[in-house]
Amino acid sequence: MAAEYFVGIFENDQQNPLNHLDAERKFIDDLLLDRKEKFTKEIISNGGVDEFINKGTKLTNTMTIFHFSGHQGDGAIQLSDEVFNNKGLIAILNNAPKLKIAFINGCSTDAIINKLDKVPIVIGTTTPVYDHFAKTLSTRFYELLLNEDDNINNSDLIESIFMQALGFQQGYYKEDNQRSSMALEELSKKLDNYIIKINKDAFKEKLIEIPDDYPIYSGFKKLEQEVRQEEDLDEMLYKYYPYFLCIHLYKLSDYEDDSNSKYQKLGADRFKTTRRIFNEFLKFLKFSSYSIIWSISKEYPEFVKELDPKVKEVLRNNLTMSWQLNDQDRITDDLAFIYSNIPDDYLKDNSLWLELKKCAVENKKDFKQVSDFFFTQHIDQNQGSKQLYVKAESFLRIFLKRFRFLRSLGIESIYDVFYYQFKYNSERSYVINKSYYPIDSRPLLQGYETGEILTMTDKKVTIDINVHSVYVCKSEIKDGMLVQYRALNMSPFYLDINSTSVAADKIKLYYLDRYHQTGNKLIYEAIDMESLEDKNKKITVPRNPILLENQSNGNGSTVKLIEEKKKLLDHFNTIWELIS
C-alpha cells in the first residue's frame with residue numbers, strides 16, 4: 001500500500017483562464033503515476049464546488065499532501081464554477097490528521113498559509129504570480145521531492161528541495177529570453193514571491209518517528225506512580241474513580257494480567273478505551289448539569305423562573321440527541337453554556353457542584369480540542385497511525401493530572417428489600433448497595449458496610465426519589481476527618497439494572513442515551529459496551545404505563561419491575577416539565 005496520499009485540485013476560471021494550469025496538472029499526474037508504489041493520488045480538474053466538497057469529505061482524513069492551483073483573491077479560492085472561502089479551507093487543512101504538506105499555488109496565498117499552523121510544511125505566495133512561473137516551480141518541486149527515498153518525512157530535506165527548485169528557476173527561466181539586468185531583476189521579484197513555512201510543533205506531532213516498542217506500559221505506570229505519590233494514594237489509581245470511568249481505566253492499568261495485554265500496547269484497542277474515558281466523562285458532565293438544575297428547582301422554586309429560555313432549549317435538544325451519534329463535539333459548547341447560566345449562589349453549599357461548573361466552563365477550549373480529536377475528525381481514520389495513538393496518550397495524561405476532583409467521587413445504588421414485604425407506621429426500609437467495579441476493596445468508602453439498611457418515613461424524605469436511585473458520593477477531608485456524603489442524584493440518567501436483585505454483587509450501569517420524543521420513550525445504553533452481548537446493550541422504557549408492562553430488559557425480568565420501584569419516569573417527567 002502506498003505510503004502517501006496526494007490530493008491535487010486544479011481549477012481554471014473560464015472568464016480569466018490560466019494558460020499553463022492544465023500542463024501543470026498533467027505533469028504532476030504523470031509524475032505520481034510513475035511513483036505509484038509510494039503515492040496514491042486523487043487529481044480533481046475543474047470539478048467545481050460540489051466535486052471539491054464531495055471528494056474533500058472523503059479524502060480529508062486520508063491525504064498527506066494537498067495541492068491547489070488556481071486563482072485566489074478577496075478571501076477565497078476560485079473554483080471553476082464558484083468560490084470557496086479561505087476560512088473554510090484553513091479549517092479543513094488544519095484539522096486534517098495526516099496532512100504533512102500543503103502547497104497553495106495561486107496569487108497572494110499568504111493569507112491562507114500564515115494560518116495553517118497545524119500543517120507541518122506550507123508553501124505559498126506573498127504577491128500575484130505569473131502563470132508559467134507557478135507551473136514550472138511546482139512541477140520542479142515535486143520532481144525533486146519524489147526523487148528522494150525519504151520523501152516527505154524530513155523538514156530540513158523538504159526545505160532544501162524547495163530552495164533547489166527556486167535555484168533552478170533562478171539559473172534558467174525559459175520565458176526570460178533576455179539576459180539583461182532588468183530581466184534578472186524581474187526574475188528575482190518572481191522568485192521572492194514564493195515562501196515556505198515549517199511548523200516545527202506540527203512536524204513533531206505528525207512526523208515524529210515512533211518505535212514499535214513505544215513505552216506505553218512503563219510510561220503509564222510511571223505516571224500512575226507519580227500521581228499516587230503526590231496525593232498519597234494507597235491503591236491503584238483506577239480505584240479512586242467512579243464506576244463509569246474506573247471500568248475503562250482498569251483496562252489500561254491492569255499491568256499484571258496477560259490476557260489484558262492488548263490494552264498495554266500502542267494500538268487501536270488502547271485508543272478506543274482512552275476515547276471511551278473521555279466519552280463517559282463528557283456524558284457525566286452533561287447529566288450532572290441536569291441533576292443540579294433539577295435539585296436546585298426543588299429547593300428554590302423561583303430558580304425555574306430565572307432559568308434562561310435558551311438554556312431550556314439547549315437542555316431539551318441534548319435530551320433528545322443520541323450520544324451514539326458522536327455529537328460530543330457539540331456538547332462541549334453546550335456544557336459551558338449550561339453551567340455558566342447556573343448562578344454560584346445556588347452552588348456554594350455543594351463543593352462538587354462548584355467543581356463541575358468550573359470544570360465545564362474553564363476547560364471548554366480543551367474539551368473542544370479533545371472532542372474534535374476523538375469523536376469528529378478521527379473516528380475511523382486513526383487506525384494504524386502511531387502519531388495519533390501517542391497524541392491520545394498525551395490527552396490521557398492531561399485528564400489524569402488535571403481533573404483530580406474526580407478521584408473523590410463514587411457511585412452508589414439504592415434498592416428496596418423490605419418495602420413490598422411490610423409497611424409499618426408509614427415507615428419504609430431500603431438497602432444501599434455499595435458494591436463497586438472491580439469488586440476489590442475501595443478506599444473511598446472505608447468504614448461503610450456493603451449493604452447498609454436505611455429506614456425512612458413517608459413524611460420525611462431524606463433521599464430524593466428514594467427507590468432504586470443512583471447517586472454520586474463525594475469524600476472530603478474536614479478537620480482531619482474523612483467526610484462522605486451523597487452529593488448528586490443522577491436518576492434517571494444512570495440506571496443500575498442489578499438493583500432489582502438482592503443477590504447482585506456489583507453495579508451494572510446503563511445511561512440515558514436519549515429521550516425519543518416521537519415514540520415517547522427513554523432509551524438506555526450499557527456503560528461497558530464492548531463486554532456485553534448485543535441483546536443486553538440497550539433498554540427501552542416507554543412512558544406509556546400500558547406499554548411499560550410488556551417491556552423486557554433482555555434477561556427475563558420486566559422493565560416495569562425496575563421502573564415501578566425506582567420511579568424513574570416520575571423523575572424524568574419532572575425534568576421534562578422543568579425545561580419545557
Side-chain angles (χ1 to χ4, degrees), residues 241-249 276-295 315 318-319 321-324 328 331 335 338 352-353 356 360 406 408-416 430-437 442 444-445 463-474 485-501 504 506-515 521-529 531-532 536-541 553 559 561-576:
Y241 286 89
Y243 171 89
F244 49 83
L245 293 174
C246 78
I247 195 172
H248 304 300
L249 284 168
R276 193 165 284 118
I277 290 171
F278 287 99
N279 182 306
E280 297 297 344
F281 176 49
L282 289 177
K283 193 187 306 170
F284 170 59
L285 281 177
K286 169 184 173 178
F287 291 145
S288 294
S289 69
Y290 284 93
S291 297
I292 291 172
I293 288 173
W294 177 75
S295 298
L315 291 167
N318 277 292
L319 269 188
M321 179 176 65
S322 172
W323 197 266
Q324 293 304 312
Q328 292 91 336
I331 193 65
L335 281 173
I338 294 168
L352 175 59
W353 296 5
L356 289 168
L406 294 170
S408 66
L409 306 181
I411 293 292
E412 166 183 285
S413 173
I414 297 178
Y415 62 96
D416 176 12
Y430 305 96
V431 168
I432 298 175
N433 176 9
K434 284 199 169 63
S435 296
Y436 292 86
Y437 179 90
R442 183 184 171 91
L444 176 68
L445 293 173
I463 300 182
D464 295 334
I465 302 305
N466 310 329
V467 187
H468 290 263
S469 294
V470 174
Y471 285 83
V472 176
C473 300
K474 168 79 173 173
Y485 60 95
R486 297 179 184 93
L488 195 58
N489 183 353
M490 298 298 289
S491 308
F493 308 114
Y494 288 98
L495 170 65
D496 174 17
I497 67 167
N498 273 351
S499 63
T500 55
S501 171
K506 72 173 183 178
I507 292 173
K508 189 174 184 181
L509 216 56
Y510 280 60
Y511 68 90
L512 178 64
D513 182 52
R514 71 187 184 279
Y515 165 49
K521 57 188 177 182
L522 310 179
I523 299 174
Y524 289 82
E525 298 279 354
I527 288 268
D528 191 17
M529 300 290 286
S531 66
L532 300 172
N536 292 329
K537 286 184 177 180
K538 186 173 290 188
I539 293 176
T540 301
V541 183
N553 68 1
V559 174
L561 293 177
I562 301 173
E563 310 314 331
E564 187 175 72
K565 298 178 181 180
K566 188 175 176 59
K567 298 184 179 178
L568 172 102
L569 295 180
D570 287 344
H571 186 159
F572 184 84
N573 287 338
T574 304
I575 290 284
W576 190 253

Self-check item: side chain to side chain contact (heavy atoms under 4.5 Å, CB included) between Val470 and Leu495, intermediate numbers included
Solution: CA-CA 7 Å; Val470 174; Leu495 170 65; 5.8 Å; no
At what distance, to the nearest 0.5 angstrom, does [atom1] of [X] lie from [atom2] of [Y]?
X      : Y      : atom1 : atom2 : value
Ile575 : Leu512 : CD1   : CG    : 10.5 Å
Ser289 : Ile331 : OG    : CD1   : 7.0 Å
Ile338 : Ile293 : CD1   : CD1   : 6.5 Å
Asp513 : Tyr524 : CG    : OH    : 11.0 Å
Met490 : Ile292 : CE    : CD1   : 8.5 Å
His248 : Phe281 : NE2   : CZ    : 14.0 Å

Quiz item: Stepwise, does the side chain to side chain contact (heavy atoms under 4.5 Å, CB included) test hold for Tyr494 with Val472?
Solution: CA-CA 10 Å; Tyr494 288 98; Val472 176; over 6 Å; no
Quiz item: Tyr290: what forms a ring pair (Phe, Tyr, Trp, His ring centres under 6.0 Å) with it, not counting sequence neighbours?
Solution: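 Ring pair (Phe, Tyr, Trp, His ring centres under 6.0 Å) list for Tyr290, sorted by chain: Phe493.
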Quiz prompt | Test ring pair (Phe, Tyr, Trp, His ring centres under 6.0 Å) applied to Phe284 - qualifying residues, sequence neighbours left out | solution =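 Phe284 satisfies ring pair (Phe, Tyr, Trp, His ring centres under 6.0 Å) with Phe244 once adjacent residues are dropped.
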Self-check item: Heavy-atom donor-acceptor pair, Trp353 side chain to Leu488 backbone, under 3.5 Å
Solution: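 No, the answer is negative, given that no donor and acceptor are paired below the 3.5 Å cut-off.
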Exercise. Would you confirm whether Ser322, through its side chain, and Arg514, through its main-chain N or O, come within 3.5 Å as a donor-acceptor pair?
Key: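 No, the answer is negative, given that no donor and acceptor are paired below the 3.5 Å cut-off.
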Self-check item: Heavy-atom pair of closest approach, residues Ile411 and Pro242
Solution: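 Where Ile411 meets Pro242 most closely, the heavy atoms are CG1-CB, 3.8 Å.
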Quiz item: Any idea which heavy atoms bring Asn318 and Lys286 closest together, and the distance?
Solution: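 In terms of heavy atoms, the two residues are closest at O-NZ, 2.7 Å.
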